[in-house]
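To keep things clear, I will list the structure first and then write my remarks on it.
Sequence positions, counted from 1, serve as the residue numbers for this chain.
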Amino acid sequence: MLRTSSVPMAERVVGWSVRHRALAIVGWLTFVALSLLASALMPGEKASGADPGESGRAKVALSTQQGSELLRENVLIQPMSDAAANDLLATLPRDAVTDVSGPLLSSDGRSGLVTFGLRNPPEQVKAHFKAMTDAVAQVAARHPEIRLAQAGDLSLSGVVDKAVSVDLERSGLFSLPVTLLILIVVFGALVAASVPLLLAGTAVLAAMGMVGVLQHWMAVNSVTYAMILLIGLAVGVDYTLFFLRRQREERAAGRGEDEALRVTAKTSGHVVLVSGVTVMLCLSGLLFVGLDNLRGGAIGTALVVGVAMLGSVTMLPALLSLLGDRVNRGRLLRRAPANESRIWTSIARGVVKRPALWGGLAAALLVVMALPALGMRLQDAAVVNSLPRDFPTVDAAVRMQEAFPGSPLPARVVIWDTSGATADKPEVRAALERLHDEVAGSGGLLAEPLAVMNVDKAIVVRVPLAGQGTDELSNRALEALRTKALPNTLGKVDGIDFAVSGKTAVPHDMAELVTGRAPLVYLSVGLLAFILIGWAFRSLWIPLVSIVLNLLSIGAAYGALTWIFQDGHLASLLGFTSYGAVVGWLPMFLFVLLFGLSMDYHIFILSRIRERWRAGASPDDAVVGGIGTSAGVVTSAATIMVAVFAIFVMLNAIEYKMLGTGMAIAIFVDATVVRGVLLPAAMSLLGDRAWSRRSTVDVH
């Protein structure tokens, strides 16, 4: 009789869940409910992330002051009209706005700009914003021939928040029905198709609840929740497919229900554990960057993977045991029993006959696809680049940027006294007067108007920068401000310190940090994957081949991203306007996600190949048989993942479009060219050298 300790962990956990299926299912649902309840009832403020570099110093200095900085808004008058400008100045409610200036004339005299601050206290700012917006609308109605376009701190952040909310709602609205339809095609039965959605949906809810609790200690942005939904749906469906399809195979082979579940736990259950741990370890690479928001995204995404992995060996087998053959109820389509894919078996058989030829051609194809990535330029999208001009506030900001460069997205210079005294003293005011001369002599890199305001003992100066906010021109303007204009003025005053933040400075400092830390992230992810896969299969060749294949598929995705978004191809089809770059954090984020997710398929296929090799098949026969039997699951899972990621292409923000496109292309390439051609070619060339007689994917 086998000792309990000699039984693999997945088999032990699954066995317990099957024997106590009511407890396993109720326990799982209770866990999900408690996660959501804890998030809803958790008291206290949510944590905010620290900005990198000099931007972070500015934020910290400002956070130590009593009170808060005035939010500023701008109204563009186009064409310039004295009557409309005077009407606006007279109509703006003085109990809602302060520090009104303008109208400032554009260089061509055709446009005017009125700027003002929204009165504090912060809890009344939204009411003041509404009163001000209503006033602008009234003036616009009285001057229908004049365009009055508004953009500023609160209006731009509001349109971003609204766009993100709409995007998340739309992604959730389309993801579930699309996934269900594909699963119905895969399984042919409504009950069987619903099981993967149940695991994925509950895993996403539980992870979101847990992140809702953790965000009181760590920074979490909207991208984190989008990734939890996206990755949770992907891995939840993947793990269920691995489990359910193997159970169906064992049942079709004549095994009883309990025996089928035991064999499934011993094979696919172990694959789920190994692939899940691999994904989580790869995501941990993002922790090396040192950015709070990326840290929150990595932890949140790792949580949903871990929760889905836990559910796949507890709730899932208990549910399948409870359903039994009733899992095939609600049949909508006639499906053949689970067996080898004739198409992929034929492809694999052809590849192993001439592995060098077909492997070389496939590798050359991916290298050609990756070539555009050699010219990839990293740059975050400003609001005017991120969202379409269909949003009135974005259109206003674009027009404002053209007439008054830098006015919608100015740099923010924070000035403070190092002794803790007030920074508002004569020598500082004199230095700020000299700053006007530096602006005039900057060759157009810096612009007027300069807005100066006190925040407790600190001073905040807003300086418009040339460019669109995050482009090369804006970065040159930022450098001119940091290295010349400010040192020549404020730098001459003893006892004070200053730092520059803003919509140009934060992405610039973040890009420098990400670029500097990226090699560490890539190396750590590759090393972790190498160690885990090498341990799982007791082989040196398998992890080396795995890493090379992943790099080829990721390189192809990078090349496609560059060609589509940076070079502007397919812009009209995908609904975006190219700004000549790729979002700075995206390549590293894609690398980590794709490296982890592709291991799901990779480990699943390799485990099937290994089974046949251990049963005595020749290396080539093992490759053909392993790919043939796993192709149905991989194709189904990849189809769902590609469809879900492709939904992000329909969203508003260009960052989401890039993320969805990159992931969809990489998964498609990975599931076809890489797993269907390159993997069998590599395994055939390796032969018996790929395996150790002790190799195993069991996790004890």
Side-chain angles (χ1 to χ4, degrees), residues 13 27-42 44 46-47 49 168 171-172 175 196-240 272-316 521 524-525 528-529 532 585 588-597 599-600 641 644-645 659 663 699:
V13 174
W28 174 260
L29 296 178
T30 302
F31 162 66
V32 174
L34 289 176
S35 299
L36 293 172
L37 187 62
S39 176
L41 299 179
M42 188 74 180
K46 296 178 181 178
L168 289 176
S171 63
S175 297
L197 278 184
L198 178 61
L199 174 63
T202 52
V204 167
L205 291 175
M208 285 187 173
M210 296 166 71
V211 169
V213 173
L214 291 176
Q215 69 179 353
H216 292 275
W217 293 276
M218 68 179 189
V220 175
N221 61 13
S222 58
V223 176
T224 298
Y225 287 100
M227 293 312 302
I228 289 175
L229 173 63
L230 209 65
I231 303 303
L233 195 59
V235 298
V237 169
D238 276 3
Y239 297 162
T240 310
V272 167
L273 290 182
V274 174
S275 63
V277 171
T278 303
V279 174
M280 295 172 71
L281 286 176
C282 287
L283 286 167
S284 70
L286 290 176
L287 301 179
F288 292 104
V289 180
L291 282 176
D292 285 355
N293 285 328
L294 277 182
R295 184 183 297 113
I299 292 174
T301 309
L303 274 175
V304 77
V305 173
V307 171
M309 181 178 66
L310 176 65
S312 67
V313 293
T314 54
M315 183 276 289
L316 179 60
V521 174
S524 64
V525 170
L528 287 170
L532 184 60
W585 51 265
M588 184 176 64
F589 200 66
L590 279 177
F591 178 88
V592 172
L593 284 179
L594 291 171
F595 214 94
L597 289 177
M599 288 301 173
D600 279 356
M641 290 181 73
V644 171
F645 287 125
L659 177 63
M663 293 292 288
V699 181

Scanning both residues in full, the closest heavy-atom pair of Y239 with S275 reads CE2-OG, 3.7 Å
Distance from M210 atom CE to I228 atom CD1, nearest 0.5 Å?
10.0 Å
Determine the minimum heavy-atom distance between V274 and T278, stating which atoms define it.
O-OG1, 2.7 Å
Using side-chain heavy atoms (C-beta onward) and a distance below 4.5 Å, is T301 in contact with L593?
yes
Do L590 and L659 come close enough that some side-chain heavy atom pair is under 4.5 Å?
yes
M309 vs V279, side chain to side chain contact (heavy atoms under 4.5 Å, CB included): CA-CA, chis, key distance, verdict:
CA-CA 10 Å; M309 181 178 66; V279 174; over 6 Å; no
Is there side-chain contact between M208 and L229, with heavy atoms separated by less than 4.5 Å?
yes
Looking only at non-hydrogen atoms, find the nearest pair between G212 and Q215 and report the distance.
O-CG, 3.2 Å
Pairwise side-chain contact, V644 with M663, heavy-atom cut-off 4.5 Å (strictly under):
no
Can you give me the closest heavy-atom contact between A206 and F31, atom names plus distance?
CB-CE2, 3.8 Å
Mind telling me whether F589 and W585 have parallel, tilted or perpendicular rings, with 30° and 60° as the class edges?
perpendicular
Of all the heavy-atom pairs spanning L286 and A298, show the shortest one and how long it is.
CB-CB, 3.7 Å
Approximate separation, where rounding is to 0.5 Å, of I299 CD1 and L294 CG:
11.0 Å
Distance (rounded to the nearest 0.5 Å) between L310 CG and L303 CG
11.5 Å
How long is the straight-line distance from CE of M227 back to CG of L283, given to the nearest 0.5 Å?
8.5 Å
Might you point out which heavy atoms bring C282 and V592 nearest each other, and give the distance in Å?
O-CG1, 3.0 Å
Nearest 0.5 angstrom please: L316 CG to T240 OG1, how far?
5.0 Å
Report yes if the side chains of L214 and V220 come closer than 4.5 Å at any heavy-atom pair, otherwise no.
no
Picking from V204, L205, L37, what satisfies side chain to side chain contact (heavy atoms under 4.5 Å, CB included) with V32?
L205
Calculate, to the nearest 0.5 Å, the distance between atoms CE and CG belonging to M641 and D238 respectively.
5.5 Å
